[in-house]
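Just so you know, these numbers come straight off a predicted model, no measurement behind them. Per chain, numbering begins at 1; letters A, B, ... match sequence-line order.
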Number of protein chains: 4
Amino acid sequence: MGTDHHGNRYGRSEQARRAVLEAADDLLVEHGFAGLTVEKIAARAGVAKQTIYRWWPSKVDILLEAFGDDLAKALTPASHGDLGADLREHLAAMADFLTTSDAGAVYRALVGQAQHDPQLAATLRDGHLAAQHARDRLPFERAVARHDLPADTDIDPLVERLVGVVHYRVLVTGAPVPREFTDALVDAFLAGP
Amino acid sequence: MGTDHHGNRYGRSEQARRAVLEAADDLLVEHGFAGLTVEKIAARAGVAKQTIYRWWPSKVDILLEAFGDDLAKALTPASHGDLGADLREHLAAMADFLTTSDAGAVYRALVGQAQHDPQLAATLRDGHLAAQHARDRLPFERAVARHDLPADTDIDPLVERLVGVVHYRVLVTGAPVPREFTDALVDAFLAGP
Amino acid sequence: MGTDHHGNRYGRSEQARRAVLEAADDLLVEHGFAGLTVEKIAARAGVAKQTIYRWWPSKVDILLEAFGDDLAKALTPASHGDLGADLREHLAAMADFLTTSDAGAVYRALVGQAQHDPQLAATLRDGHLAAQHARDRLPFERAVARHDLPADTDIDPLVERLVGVVHYRVLVTGAPVPREFTDALVDAFLAGP
Amino acid sequence: MGTDHHGNRYGRSEQARRAVLEAADDLLVEHGFAGLTVEKIAARAGVAKQTIYRWWPSKVDILLEAFGDDLAKALTPASHGDLGADLREHLAAMADFLTTSDAGAVYRALVGQAQHDPQLAATLRDGHLAAQHARDRLPFERAVARHDLPADTDIDPLVERLVGVVHYRVLVTGAPVPREFTDALVDAFLAGP
DNA sequence: GTTTAACCGAGACGGTACGTCCAGTCTTCCC
DNA sequence: GGGAAGACTGGACGTACCGTCTCGGTTAAAC
């Protein structure tokens, strides 16, 4: 998508694209979502405002793109051949991603903004969130494949019962999400049906 | 906090206060958080902008006050002498409140904004959210008092495992939260430890 | 006009009146006409805004009253039994009053404001300016009485030919008006018809 | 200074500039200086407030520019080869300009405002007033060139003795300035030294 | 001596305009 | 044709004063 030139009739400037994404990321982390304006992104990136409006409909679309594949990279659960181990590791990684990483800050800002912006909410759900949900299902699907769980297991509600609790702490109560908490959560979950 | 006059050195105008709170509530529901401006609140309430700035630092503070005791009124769990019944009813009421009521819309907007605004997040947590958490604990505390649960039960994580899942649907996935879902959630929960 | 009490149904507070006039005077000299607001006058005078509005229709009316009899005191021409001497001294006193005194600053502010405010212009002309014009005529009237000038002398245009030139320097060109200038003006004037 | 486009990095919009100047002129004449606000100028000119603040520091700067060359056009004395005739015509034109023209209204407002605003006073004196003074000298300079006046004539005080009197009527007494008055003024002046 | 009504301070109120910031659109020249 | 630059309309921001209002406290003539 674009090559290493200033932009001409043969394609857009990859250089400008990257500068905008980085500037948006930096400004969000430094000044928060309120301090993130198209004008400041343009100034910081050394790019004309028009160039931003040409390629992104709004500042949240910049964040969506900046967010990129960070989520997939950070939160694809590994396989240890054991449901409990897989879940424990995955939830711990999720808690870490959401509370400490820059990409996690972008994620929280996007989810927050989605509360005000149904359009963004839809985009987010159909894109990153759906993809992440598919990844969250993986430990269970592997357990089904290993016949550790019945073949007709309804996986989605199980995922929600784990992922939802972590999100609640992150988005609502703001309490820390230590390893002990996620481990205890998985233990209690596995002890049930 | 204000009496029935136009406002003078001995107190503010209760009339103006109520008009502002109602206007903010209405505008949020009608035009969303983005369409909620101090200017429009003032115009709709028939109040001078200065009067708003005199009493509320920002528009979210208006919402916080407008939110008022709606939460407590709507989401105080009744007692049926049975943990399962109490939880089922409470979670269903919570889902209903969050997804269908005007106050629920305000709640979602506030939690969304809190992702961008640590100050608001702190205020929200120390106020309404802490109070609601105390109410969410009630069914469990009653169960302990009835000796249906051990006296040393650690209640907070149990609350989170129910409330968190409902919030996840409301705030993140945007999926509907029907009675079947909350009932199944409670059933699975009670089947565990 | 008022006595030395806090104000009651039998009269206004002389104390408050004086405080307002002094505060207005001070603020004009310190911060200029633009920095002169009813709110600041009230604060500086330790008086309620309502007290000001009760007695003066606007801030220029305060200045008009503060101006008071300063003009008469400063610019009543003395008699030396000689037209030239009277005029020379009077014009020099006028130049001094207009350019150096606090009351002169008030005078300039009022004449300036009168350019924007026909109501003030009328008040000013019918009051202070008419009275001053009468005083400006005195040297000529004495000369007529002494038979130094014909009995049918049309005095008004003569006054304007002197006073107008001084005002032009003060109000328009802003040039200094030294004694040499006013003396030369009188000399040239007397050499004419 | 601006070409026929909507404004870009290579120049401002001449169209917007003219609309602002005309709107300011109209509003001053219609509603007076007090009724002249940046907000109304913007609305009347169909221009954004920011466009005004981008190019003019304040509303008086707009008036200064709107005033433009009107003064020079209206008050450049013609030459009749006779000092008396030149002066009579020039003073009559000046009286007419100051009391009846729209530009004269702007002039009076600016001189009035200059009494409150030393910055404006300086700008006005160094610009329009100095230029006008140079034009006011012309009849005398021509008379010197014709040897009707001595070569070492000190012209400035002579100018002030005529122009000042007209200004006094216009700015201070508010009396009308008919042709008889200015003619008589010149006659008396010429009968002197 | 008590009543009482005008004046006072304080300050909240509905408004208007201020000067600033940013959104999103446009036009121009350069590469 | 993309990009940098920046002027443009438009609208909300938060502030400063305006002139009006209502309140409880003060006070001196009237009762």
Given C:Asp26, C:Ile62, C:Leu63, the one that forms side-chain contact (heavy atoms from CB on, under 4.5 Å) with C:Leu21: C:Ile62
CD/B:Glu30: more than 12 non-hydrogen atoms of other groups inside 6.0 Å: yes
Atom-to-atom span, CD1 of C:Ile41 to C1' of E:dA10 - whole angstrom: 18 Å
Cation-pi geometry met for D:Arg17 and D:Trp55 (6.0 Å, 45°): no
DNA chain F: 5'-proximal contact among B:Lys40 and C:Val38 (nearest heavy atom): B:Lys40
D:Phe33 CZ to E:dA17 C1', straight-line distance once rounded to whole Å: 14 Å
Between C1' of E:dC21 and NZ of A:Lys59, the distance in whole Å: 13 Å
Rounded distance (Å) that lies between atom P of E:dA12 and atom CD of B:Glu14: 15 Å
Protein-nucleotide distance (B:Arg44, atom CZ; E:dG14, atom P), rounded to Å: 17 Å
C:Glu39 CD - E:dA12 P separation (whole Å): 11 Å
For DNA chain E, the residues among residues 46-58 of chain D that have a non-hydrogen atom under 4.0 Å from it: D:Lys49, D:Gln50, D:Tyr53
Nearest-0.5 Å distance, CD of residue A:Gln113 to CZ of residue A:Phe33: 3.5 Å
4.5 Å side-chain heavy-atom contact, A:Tyr107 and A:Leu129: yes
Closest-nucleotide 5' rank along DNA chain E - winner of A:Leu36 and B:Ala16: B:Ala16
Shortest non-hydrogen contact from A:Leu64 toward A:His128: O-NE2, 3.5 Å
Nucleotide nearest C:Arg12 (side chain, heavy atoms from C-beta), chosen from E:dC22, E:dC8, F:dA7: E:dC8
